[in-house]
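Below is one structure, written out as C-alpha cells, with a few remarks after it.
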Amino acid sequence: MYTNFQRHLLKELESIKDAGLYKGERIIESPQAAEIVLSTGQKVLNFCANNYLGLSNSKELISAAKSAIDTHGYGMSSVRFICGTTDLHKELEVKIAGFFGTEDTILYAAAFDANGGVFEPLLTSEDAIISDSLNHASIIDGVRLCKAKRYRYENADMEDLESRLAAAQEQRFRIIVTDGVFSMDGNVAPLDRILELAEKYSAMVMVDESHSAGVVGKTGRGVTELFGVKGKVEIITGTLGKAFGGAIGGFTTGKREIIDMLRQRSRPYLFSNSIPPMVAAAGIKMLDIMSESNILQDKLHKNTEYFITGMINLGFDIKPTQSAICAVMLYDAKLSQEFAARLLDEGIYVIGFYYPVVQKDQARIRVQLSAAHNREHLDRAIAAFQKIGKKLGII
Amino acid sequence: MKDLILNYVINEYQEDEDDEITYETPLISGGFVDSFSMVSLKVFLEKKFKINIPDDKATPEAFDSVNKIVDLVNGYTK
Amino acid sequence: MSYSDKMKTMYQEQLETIKNAGIFKEERYIHSSQAADIEVEFPTGSDLKKVINMCANNYLGLSSHPDVIKAAHTGLDMRGYGMSSVRFICGTQDIHKELESKVTEFLGTEDTILFPSCMDANAGVFEALLTSEDIMISDRLVHASIIDGMRLCSAEHDTFKHSNMEHLEQKLQLHQNKRIKMVITDGVFSMDGDIAKLDEMADLCQKYDALLFVDDSHASGFIGKTGRGTHEYCNAIGKIDIITTTFGKALGGASGGCVSGRKEIVEMCRQKARPYLFSNTIAPVVVSGVLEVFNILSGNTERRDKLEKNSDYWRKGLSEAGFVLKDGDSPIVPVMLFNAKLAQDFSKDLFAEGIYAIGFFFPVVPNGQARIRTQISAGHEIHHLDKALEAFIKIGKKYEILGLTKQEIIAKYGL
C-alpha cells in the first residue's frame, strides 16, 4: 500500500527543493573530455570531472577495452570466487601492487565497495578506528559496518589525532584512516606526521588515494610518493573511476595477509560482480602508459600551477591545494550557484558546492584540472572567471 | 522461563518439521538462527524479561542454545 | 606504519583456520569469454583445461553474445571509455537516461535509477527511504547485500521464516503501529532457486498497509512468461513498490544495477542514496551493452524459453539419477550434499571430469546444508547437459549417494 508513503515522500521532496538542495542532472551527449556537448547542444569546457589525466576518452584505453571484449567477452556474470576471475583480473592486481609498491591487491566493483568492505573483515569490537572528520562517505559507511570503537579527529589536525591515539591505547589494534586528498579543499593528508604518530602509538595507517593516485607525487603514485613513504602504509584504497580511466572499479592494495583476509571475508567482494574483463584490460593499459612515461602527470601538474597562479593573480580566494582540485571560495551558497550558472553561459562547466556538502558559509566553486586541458582551455576558463567575478563584484 | 524461550525459538526459527530443537540444540552454529535474526531474539528477551543485555555480551556463543540463553538472561534478571 | 608481527600472525592464523576447515576460497583463472565452454587455469600455473561452466549467472547466454559485443564496441566509439564522475556532477549521458526508461518499460514500473551494482542499490535504498520510526520485515534468506543495506538503515528490523506467509502475517500484525512497514524479499532465492510468493505477499501488504520490496537479480530477463521477472510469474505486476535488480547476471553480466518502482521512491533515491551520490556512474560501454540486451529480449522470448527447457531437462535428469535436489522452478538447481567437505570434494572431482560447478557451505548457506549449486543457461546445448549429467552420475556413484535420502546421506557423511 503505497498511498500514505507517497504522500510522505512528496512532502519530503518538496522540502528538499525548498531548501535549494535538489540535485538535478545535466545530460551529456558526448564522451567525457575537456570539451563536452550537453543535451541542449551547447559545447562547454568541463572543469568538474575527475578525469585528471584525461584518460576517460583515451584511444589507447578504448582499443585495449575492445581487444578484451573480443577475447574475453562482455561480462563475467559471476562474482570473483565462483567463475568471475580471468587472467586479466589477476594481471591488473599484480600491476597495481607494483605501481604503489605494495604486496598484493584485491579488485572491487567500485572504490565505494573497497572502503565499504575493508574494516569489518579485519577489525572487531576489541579494535579502534581513528578517522579524519572529512573522510569520504564510503569510508564512513565502511566504519559503520564494523564493530570497532570509533574515534574521529579534526581534518588533518595532528594534535587532535595524537590525543585520539592516546585515548585508543586500551584497544587491541588501532588503524588511522585518511583520504590522501580531501575532495572539497584539495589539501593532502600530512602523511609524514601521521606515520610518525602511528609509530609512536602503534597504529596501522590506511589511505584512500581516490583523488591522489595518478595526480599527486612526481610520477603520480599518490601521497605516499609525495611524502617519500612508498610501501610504508598498510592499506591503500583507490579507484579506477577517476584519473585511471574513469570507467568503474576500485581496489585495496597493501599487506599480503590483509588482502588474503579480504578475499575470504570482504562482503562486497564475495557478493558483488567481478569487474568486466574490458575494464581490467584498460586498467592494465593505463598502468603501462603511466609507467612508460610521465607526460600526463607532468602536464597535469603544469596545468594546475598555471590555472591557480592565474586565479590568484586575479585576486580570487583559493584554498591551499597540493592536488588538481582548486576550491574557489565564495562563502555564500546562493552566490556559488549564481556564479556557476553564469560560468555555464560562458561555456565553462563547474559546480558550486555548499552546505551540507561543505561547512556552512564555506560555499565554493570546485575546479578540477585535467591533463586533457590545453593552454587555450585554461585561458578561456580564467577569462570567464574574471568576467563573472568582476560582474558579481568578487574581485 | 526455559520453556517460554524454547517455545519462542521453535515458533520463530524452526523452518523444517524434521529438525528437532531442544534445550541443547546449537542454534547459531547449527544454522537455525543467523546473526542478523539474533538481534530480534535479543529484543524479545529484553522486552519479555524487562532486562538490558549489553551489545558486547550478546555474542553468538552466548545465544548458541536455549540453555545458554537461560544462563545469560539469569545474569541480568537480578 | 605499525603493522606489528602480532597483527600479521593473527591474520595468518585466521587464514590457516579457514584453510584447515576446508573452506578457503580459491580463485580459478578463466582465459576465455564467459560461455557454456570455458578455458580455465586451475590450480594456478597449470595448463588450460576446457570445461563446461555450470555455475555462472549467465542465464540467458548473453555475456558474450556477438550483438552485445558489437554494441559495446560502438558504445566505446560513440561515448568514450569512462565518465570519471558521479551522476549528478557530470556523469549522466543521454544513454544513461535511455537505459533507465528501457528498464522501466521492461519491468512495468514507473521510473528507474541506475547504481554501479545491485549490491550498491540494496546498500543505499533503505537508508534513503526509511527512518527509526519505520520497520523492515525481511525473509530470512534474503541476499547479503540487502542485509548490509538494512544494517546501514536506522529503521527497526525483523525477519520472517523463509517464504512462510503465516509468519509474515504475524509479524505484520506485531508491527502494525509502525509508521512505514516494508516487506523485503528476494524474487528468486539465489542459493535454493525457489520463488517468492509475491502474489500472497502483495495481498498481505495491501491488508496491513505495507510496502513490498523485491530483489529480482536472479529473475530479471527470464522468470515469467516474457521474462519480466518474479512479479510476472506471480501475476503481481504493478503491485510491487520497489524492485532492485542487476545487469551483472542474465542481462549481459558486465556490471551495474538499479532500483525501479514508484516514481517518488526513485526520485528520493536520486536525492539521498549514498552509493548513487558518492560512487561513479556506470561506464558508457556497459550501458551500451545492456541497451542491446534489452533489444534482444524485446524481440522475442526464444532465449528464456530455451532456458526453461534446459532447466527442466537438467532437473529431471538429476532427479532420475537419484540426487537430492531443492524444489524450485528456476534455472538454479542445488544438488544437496549436506556435508561441507563432501561438497568440496565433489566439486574437485567434477572439475577433473571437465565440469565446473562450485560447492557452497556455511556461512554462505546454513550449517549442514552444503551443496553444489548448478545454474543453467540458454547458452547450454543438450550435449553440454548430457555430458554434465554423466559426470554428476559418475561422481555420485563414487561417493555412493545416488538414491539416498537426506537422512541417509547425513548418516553416511555427517554434517
Side-chain angles (χ1 to χ4, degrees), chain A residues 1-2 5-6 9-10 16 23 25 27-29 31-32 48-51 56-57 61-62 65-66 69 72-78 81-83 85-87 90 109-110 112 137-138 195 198-199 202-204 232 234 241-242 245-248 255 257 260-261 264 267-268 271-273 276 351, chain C residues 1-3 7-8 11-12 15 18 25 27 29-31 33-34 53 55-58 63-64 68-69 72-73 76 79-85 88-90 92-94 116-117 119 144-145 180 206 209 211 241 248-249 252-255 262 264 267-268 271 274-275 278-280 283 289 358:
Chain A
M1 274 303 273
Y2 180 58
F5 190 53
Q6 183 178 34
L9 285 181
L10 285 171
I16 293 174
K23 289 179 192 70
E25 289 175 351
I27 298 170
I28 298 166
E29 290 190 343
Q32 187 63 279
C48 61
N50 301 313
N51 181 21
S56 302
N57 194 27
L61 295 201
I62 287 175
K66 281 185 174 177
I69 296 173
H72 288 70
Y74 170 71
M76 291 309 288
S77 289
S78 177
F81 81 95
I82 297 181
C83 56
T85 304
T86 69
D87 49 333
K90 208 58 225 168
F112 199 95
S138 54
L195 283 167
E199 183 94 32
S202 173
M204 293 190 281
K232 296 246 168 88
E234 282 79 10
K242 300 192 198 304
I248 54 165
K255 298 290 180 195
E257 306 75 26
D260 281 348
M261 278 302 289
Q264 298 301 316
R267 293 168 65 90
F271 298 119
S272 193
N273 249 37
I351 301 268
Chain C
M1 202 197 64
S2 180
Y3 188 58
M7 274 173 221
K8 188 170 176 154
Y11 292 138
Q12 277 170 343
L15 287 161
I18 296 172
K25 292 182 189 70
E27 292 177 344
Y29 304 145
I30 299 171
H31 288 247
S33 296
Q34 187 63 281
N53 194 350
C55 60
N57 298 316
N58 180 22
S63 305
S64 52
V68 178
I69 285 174
H73 274 268
L76 283 165
R79 289 293 179 268
Y81 173 65
M83 288 305 285
S84 293
S85 175
F88 79 96
I89 295 183
C90 57
T92 305
Q93 288 172 319
D94 48 350
S117 67
M119 171 115 195
S145 56
I180 297 160
Q206 172 113 27
D209 189 23
L211 298 169
D241 300 297
K249 302 191 197 299
S255 73
R262 307 286 180 201
E264 300 80 12
E267 200 178 347
M268 192 55 93
Q271 299 305 317
R274 292 165 66 88
F278 297 116
S279 193
N280 251 33
I358 295 273

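Chain letters run A, B, ... following the sequence lines, proteins first, then strands; residues in each count from 1.
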Picking from [options], which has the most non-hydrogen pairs under 4.5 angstrom with chain A?
options: C:Gly289, C:Ala72, C:Ser255, C:Ser64; answer: C:Gly289
options: C:Lys249, C:Gln34, C:Gln271; answer: C:Gln271
options: C:Ser85, C:Cys90, C:Cys55, C:Ser279; answer: C:Cys90
options: C:Gly82, C:Ala144, C:Pro116, C:Ser145; answer: C:Gly82
options: C:Tyr29, C:Tyr11, C:Tyr81; answer: C:Tyr81

Sub-4.5 Å side-chain heavy-atom contact between [X] and [Y]:
X: A:Ile248; Y: C:Ser117; result: no
X: A:Phe112; Y: C:Pro275; result: yes
X: C:Glu264; Y: A:Tyr2; result: yes
X: C:Gln93; Y: C:Met83; result: yes

Quick check on [X] against chain C: is it the side chain, the backbone, both or neither that has a heavy atom closer than 4.5 Å?
X: A:Lys66; result: both
X: A:Ile82; result: both
X: A:Lys90; result: side chain
X: A:Asn273; result: side chain
X: A:Ile69; result: both

Using modelled atom types and a 3.5 Å cut-off, is there a donor and acceptor pairing between side-chain atoms of [X] and backbone atoms of [Y]?
X: C:Asn58; Y: C:Ser63; result: yes
X: A:Gln32; Y: A:Asn57; result: no
X: A:Glu257; Y: C:Leu15; result: no

- Minimal non-hydrogen separation, A:Tyr74 against C:Gly252, with atom names: CD2-O, 3.3 Å
- Shortest non-hydrogen contact from C:Asp241 toward C:Leu211: OD2-CA, 3.4 Å
- Item | Audit row: C:Arg262, A:Leu9, side-chain contact (heavy atoms from CB on, under 4.5 Å) steps and yes/no | CA-CA 11 Å; C:Arg262 307 286 180 201; A:Leu9 285 181; over 6 Å; no
Side chain, backbone, both or neither: which part of [X] has a non-hydrogen atom closer than 4.5 Å to chain A?
X: C:Ile358; answer: side chain
X: C:Asn53; answer: side chain
X: C:Asn280; answer: side chain
X: C:Ile18; answer: side chain

- Query: Between A:Asp260, A:Thr86, A:Asp87, which shows the greatest number of heavy-atom pairs under 4.5 Å with chain C?
  - Reply: A:Asp87
